[in-house]
Amino acid sequence: MLNPYSERAEWLEILTRELPDMDIQFWPDIHDPDSVEFAVFWVHDTEDMRRYPNLRAILATTAGVEQFAGGDYPDVPIVRMADPTMAGEMAAYASHWVVHFHRKLHTYLDQQAARVWRPIRAAATGDFPVGILGFGAIGRHIGKCLAGLGYPINAWTRTGGEEEGITHYRGRTGLEDIVCASRAVVNVLPDTRETRGLIDAGVLARFAPGSVYISLGRGATTIEADLVAALDQGVLSAAVLDVTETEPLPSDSTLWDHPRVRITPHTSGFTRARTAAPLIAANIRRIQRGEPPFPLYDPRQGY
Ligand code: GLV
């Protein structure tokens, strides 16, 4: 059962090519619900899911899978989307904003408008550490790209880690330490019980003065009212939000006209049929061979 969010024709075409022996039924035209073994979607009507008694797995088209928390979907394995192309787009997005604020590129717009030629000496790249909150496949790729540009990389995870060239942090104390030790903080945390509202006034107070916050994982991890207060108090110099507590961001949100907030509409990385559909087909093949698909959603961890 296929119900992609976008690029419907491409999804159908690629899955039909990759899985020629399978009967791909495009929702809502499901002609034989009993034959449905695999469901491919981002979110889907949980009532409708009850129509497929022989469902073996759900293959999500998204990297973040908080939509499955709460147990409303059938109790079958759920596979997340781990698409290096999406991680690459997100790394480009994060790198863009890190460089933008590190090199103070925003100030040149004003200078150009005023016909002013005044070089601003930015900190050396090696003196501009970037903290990455969430260091799974996406966070790691962002770290690799920024390290390639010469930025020192700090990483925060639940369990910590050890890796040459990366300073690892873990736990609550580690969170306060990493934001204090970084000039830009990139948040790619998933939305789980543990991360919901994690970036609150207490954590924001620990950010290095004048640092930049770039959020492209899930809006629920950040308390927006606390973020605005931190910006207004001058703790943070800017925030870039690709994700917000409520999406779409309501038109009356004060975030829209905050002079130091940049908003993009959840577009730091896209699920693209061209790369994502073959990954889903490969996971279906794995399940058919009796091998574990990956990455598997773990309901206890929430991602
Ligand atoms: C998009 O936000 C995703 O999780 O893939």
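In listed order, ligands and their atoms are each counted from 1.
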Notebook entry, point to check: Going by the angle between their ring planes, with limits at 30° and 60°, are F68 and F41 parallel, tilted or perpendicular?
Noted result: tilted
Check: Which of the atoms in ligand 1, numbered in the order shown and given with their element, are less than 4.0 Å from a heavy-atom of M86?
Finding: 5 (O)
Notebook entry, point to check: Mind checking whether T62 has an N or O less than 3.5 Å away from an N or O of ligand 1?
Noted result: no
Notebook entry, point to check: Parallel, tilted or perpendicular: which describes the rings of Y151 and F128, with under 30° parallel and over 60° perpendicular?
Noted result: perpendicular
Next item on the list: Check the angle between the aromatic planes of H100 and W97 and answer parallel, tilted or perpendicular using the 30° and 60° thresholds.
Entry: perpendicular
Check: Can you list the atoms of ligand 1 that are under 4.0 Å from a heavy atom of R218?
Finding: 1 (C), 2 (O), 3 (C), 4 (O)
Note to self: Any nitrogen or oxygen of H266, side chain or backbone, less than 3.5 Å from one on ligand 1?
What the structure shows: yes
Margin query: Considering non-hydrogen atoms of the protein only, which is the closest contact for atom 5 (O) of ligand 1, and what is the distance?
Written below: A63 N, 2.8 Å
Margin query: Looking at N154 and I178, would you say the former's side chain and the latter's main chain have a donor-acceptor pair under 3.5 Å?
Written below: no
Notebook entry, point to check: Between M81 and ligand 1, which residue portion shows a heavy-atom distance shorter than 4.0 Å: side chain, backbone, both, or neither?
Noted result: neither
Next item on the list: Please report the closest heavy-atom contact between L149 and T125, naming both atoms and the distance.
Entry: O-CG2, 3.6 Å
